[in-house]
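Protein chains get the first letters and strands the later ones, always in sequence-line order, with residue 1 at the start of each.
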Protein chains: 2
Amino acid sequence: MNNNDENKISIKQIAKLSGVSPATVSRVINNNGRFSEKTRHHVMKVIKENNYGMNYIAKSLRMKKSFTIGVLVPDISNAFFSSIVLRMEKYLYSKGYSVIICNTDRDEQKELAYLRTLEGKMVDGLLVISGDQEFDPSVVQAQTLTVCIDRKPKNADNVVFISSDHYRGGLLATEVLIKKGCEKLGIIISHENLYSSRERLRGFKDALETYGLPYSVNKVIRVEDKETKPEAARLQILKSLRQGDLFDGVFAINDRLAFGAMKACREFGLKVPENVKIIGFDDDLLCTYSSPSLSSVKQDSDQLAKKACDLLLKLIHLEVLTSNERCQIIPINIVLRESV
Amino acid sequence: MNNNDENKISIKQIAKLSGVSPATVSRVINNNGRFSEKTRHHVMKVIKENNYGMNYIAKSLRMKKSFTIGVLVPDISNAFFSSIVLRMEKYLYSKGYSVIICNTDRDEQKELAYLRTLEGKMVDGLLVISGDQEFDPSVVQAQTLTVCIDRKPKNADNVVFISSDHYRGGLLATEVLIKKGCEKLGIIISHENLYSSRERLRGFKDALETYGLPYSVNKVIRVEDKETKPEAARLQILKSLRQGDLFDGVFAINDRLAFGAMKACREFGLKVPENVKIIGFDDDLLCTYSSPSLSSVKQDSDQLAKKACDLLLKLIHLEVLTSNERCQIIPINIVLRESV
DNA sequence: TTGAAAGCGCTAACAT
DNA sequence: ATGTTAGCGCTTTCAA
């Protein structure tokens, strides 16, 4: 199994060693027919013996296809994103594709620069996960196949869009709080220009309206965009509480914010869930292990990832997608725990 | 800014449009000298006007250099790994490299297959993060430059090794528990063939010895390798407790296990930290937000990532490394919180 | 069923 | 300072 050859061997050399032409070797490797069984056997033997490995760079140049997918993600260290990327990588690997990972940092310039690089590396497709602003397909070459996850494309025509039902998540989460008796609700939110954040907020507002609870701006607690950490949420909530802005229910736009909120309430002397009920979003693994355990809205990241990859592969194989396929909303689930 | 060209333009065409040769265009693009300022201006203008973008595949084939680094990681959805990968990607991007991410799933076959693919894609180097068994450099071509993080290379000669001081982490964590008065310690551990796990365990044992606490096998609570989730830890700890295996201090090999242990103790009626003190490893963001907050050993993932990349880049630039550089141990920190 | 040859877009040696 | 040319390793047309 030792592959310690200094110089990679090429198809040309395999051809010479096998006494056939490079074309035939290529046909054998790719199982393209037009060779005899006997030839196949012999060529394969030589390939094994010499530990030949395909040079995908040369293949890519010739075929204008890199067997590589670019994945744009704001920040891979985010638990939800990394779980999606994990799924994508596994699925795409099984289909013969590699994944180039691009942390955009929510920086438009970096995103743009990365797109240029990815084009230069001839990626066969783009998976765009979340990110500020709508994704503008005109910044990539028209032939660049793209699937957006949790991020609206500017021009839905050429780009596939797939998303969790964030609106419904916000709606149901808020409804849970209301049905548990909460009357003064707060929402804690960051990254408000994110499509998913806006949708969750919209769900929150609509729920309030449905149940006749007046929505007023002071119920929205905003956390600086660049501060997605629980600490920022903790401070903001504490500030609100100290200003006399009391609430008996909090919908946190994500679990990290929820953990920060829980801590703030505890520090302020409020008990969860007795005095204030809290629900988060993303169903982080640790929701079960906080005390009290945290209720949360769970996205089906497996399905999100798999569907996105499937659709991209269909595009790559030049299949025509129905308009239903080009825009899909994946249902969410509510997981109730002690915090409500 | 619209880049919606259907056909990418090549150096050859830029050359024709500029009235110079392809070689000159190449020189201008790569700033390789041997062209006049006037030519530069003109060529650059044509490049801008026609929205030329480098074809890195062709460049790679010619230069035998892909400006791409392969990153092998057991599971990117692990918080510690993803934070390292985030750092690596950012740093390498700033140096002009892209990152192909490979989840090995701790599966030797998948790892091997990926290595073949990466070689075929002519990656300029390999960053290997953790993983079972030692990394065997003989499974890759000799010229494949490799840096191992938290994973021992089988033959230290050709591969750079860089790791946190897991041994010291285990030692200090255990010491903290002992100094806080614990006398019956337990360690909860998974993935015991991981270099890092073994080192942490070794630190635990040595601390016990140093303080004259007899080490006996029943203090080691093992969690199935494939079950790294807190739930498995919770069940194992509960089982131990019910068997009458009481302890007043637990060192968990990672934070997830610690969270599970904390929950188990709570369920068994033990108070943390009054009855049992707990310390974890990795300093997950949520250590601060659990209740009680969790003490933990913090690895310097930023430095780990940066050093690993720096060393790899040095190898790529054919710099000779000193033996000190080829094997580095990064110090850890203990973060004490309520759980002790 | 097989082979010869062209060419993907780039760089680098060599020539001028 | 600039151009000519060969060739990286592969696939694919065309011819046999």
Side-chain angles (χ1 to χ4, degrees), chain A residues 5 7-44 46-47 50-68 116-117 119-124 141 143, chain B residues 5 7-44 46-47 50-68 116-117 119-124 141 143:
Chain A
D5 324 302
N7 335 322
K8 290 207 89 169
I9 195 167
S10 74
I11 279 194
K12 217 182 215 166
Q13 308 185 52
I14 293 290
K16 198 160 282 172
L17 291 169
S18 313
V20 298
S21 75
T24 298
V25 176
S26 172
R27 290 187 190 112
V28 168
I29 291 173
N30 298 294
N31 230 308
N32 267 339
R34 284 168 296 165
F35 53 83
S36 70
E37 185 56 23
K38 191 177 146 228
T39 307
R40 212 207 85 221
H41 255 81
H42 183 224
V43 169
M44 286 310 265
V46 177
I47 283 180
N50 294 79
N51 224 304
Y52 168 80
M54 173 73 76
N55 182 326
Y56 286 101
I57 294 289
K59 186 178 186 130
S60 296
L61 180 60
R62 179 61 229 246
M63 295 181 74
K64 296 184 175 309
K65 177 164 172 37
S66 65
F67 309 94
T68 304
R116 292 288 87 77
T117 304
E119 282 169 357
K121 291 195 175 175
M122 289 184 158
V123 292
D124 300 334
Q141 295 164 255
Q143 75 269 24
Chain B
D5 325 301
N7 334 323
K8 291 207 85 170
I9 195 168
S10 74
I11 279 194
K12 220 182 215 164
Q13 307 186 53
I14 294 290
K16 197 159 284 171
L17 291 169
S18 316
V20 298
S21 75
T24 299
V25 175
S26 172
R27 289 185 192 114
V28 168
I29 291 174
N30 298 294
N31 229 309
N32 267 338
R34 284 169 295 163
F35 53 83
S36 71
E37 185 55 23
K38 191 176 145 229
T39 307
R40 213 207 84 222
H41 255 82
H42 183 224
V43 169
M44 286 310 265
V46 177
I47 283 180
N50 294 78
N51 224 305
Y52 166 82
M54 173 73 76
N55 182 324
Y56 286 101
I57 295 291
K59 187 180 184 123
S60 296
L61 181 59
R62 179 61 228 244
M63 294 182 72
K64 298 184 174 310
K65 176 161 175 42
S66 66
F67 309 93
T68 304
R116 292 288 88 75
T117 304
E119 282 169 358
K121 292 195 175 175
M122 290 184 158
V123 292
D124 300 333
Q141 296 163 256
Q143 76 270 24

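- A close approach under 4.0 Å does occur between a side-chain nitrogen or oxygen of B:S36 and OP1 or OP2 of D:dT2.
- In this structure, B:H42 atom NE2 and D:dA1 atom C1' are separated by 16 Å, rounded to whole Å.
- Here the nucleotide nearest the side chain of B:M54, chosen from C:dG9, C:dC10, C:dT2, is C:dC10.
- By the salt bridge (charged side-chain N to carboxylate O under 4.0 Å, His left out) test, B:R34 pairs with no residue at all, sequence neighbours left out.
- Within the 4.5 Å cutoff, the side chain of B:V25 has heavy atoms near those of the B:V20 side chain.
- Considering only side-chain atoms of B:L61, the nucleotide from C:dG9, D:dT12, C:dT2 that sits closest is C:dG9.
- B:E119 has its CD atom 16 Å from the C1' atom of D:dG9, to the nearest Å.
- Summarising the geometry, the separation between CD1 on A:I57 and P on C:dC8 is reported as 18 Å, rounded to the nearest angstrom.
- For B:K65, the salt bridge (charged side-chain N to carboxylate O under 4.0 Å, His left out) criterion is met by B:D124, not counting sequence neighbours.
- Between the side chain of A:R34 and the base of C:dG3, no donor-acceptor pair under 3.5 Å is found.
- Contact of the A:H41 side chain with the A:E37 side chain is registered, since non-hydrogen atoms from C-beta on lie closer than 4.5 Å.
- Across D:dC10, C:dC10, D:dG3, the shortest atom-to-atom separation from the side chain of B:K59 is found for C:dC10.
- Between C:dC10 and B:Y52, a contact under 4.0 Å exists linking OP1 or OP2 to a side-chain N or O.
- D:dC10 atom P lies 13 Å from atom CZ of A:F67, rounded to whole Å.
- Of the listed nucleotides (C:dG3, D:dC10, C:dA12), C:dG3 has the atom at the smallest distance from the side chain of A:A23.
- In this structure, A:K12 atom NZ and D:dG7 atom P are separated by 8 Å, rounded to whole Å.
- In this structure, CD1 of A:I11 is placed 14 Å from C1' of C:dG3, rounded to the nearest angstrom.
- For B:S10, the listed nucleotide lying nearest its side chain is C:dC10; candidates were C:dC10, D:dC10, C:dT2.
- Between the side chain of A:S66 and the backbone N or O of A:M122 there is at least one donor-acceptor pair closer than 3.5 Å.
- Between A:I11 and A:I29, the closest side-chain pair of non-hydrogen atoms falls below 4.5 Å.
- Distance A:K16 NZ to D:dG9 C1': 14 Å, rounded to the nearest Å.
- Nearest-nucleotide mapping onto DNA chain D: of B:V20 and B:M122, the residue sitting toward the 5' end is B:V20.
- Nucleotide C:dA6 holds its P atom 21 Å from the CE atom of A:M63, rounded to whole Å.
- Checking C:dA13, C:dG3, C:dC8 against the side-chain heavy atoms of B:R27 singles out C:dA13 as nearest.
- Judged by closest nucleotide on DNA chain C, A:T24 is the one of A:T24 and B:P22 placed further toward the 5' end.
- When the nucleotides C:dG3, D:dC10, D:dT2 are ranked by their closest atom to the side chain of A:N55, D:dC10 comes out on top.
- Contact annotation: B:K38 side-chain N/O to D:dA1 OP1/OP2 distance is not under 4.0 Å.
- Among the heavy atoms of the strands, none lies under 4.0 Å from B:G120.
- Side-chain atoms of B:T39 lie closest to D:dT2 of the nucleotides D:dT2, C:dG9, C:dA12.
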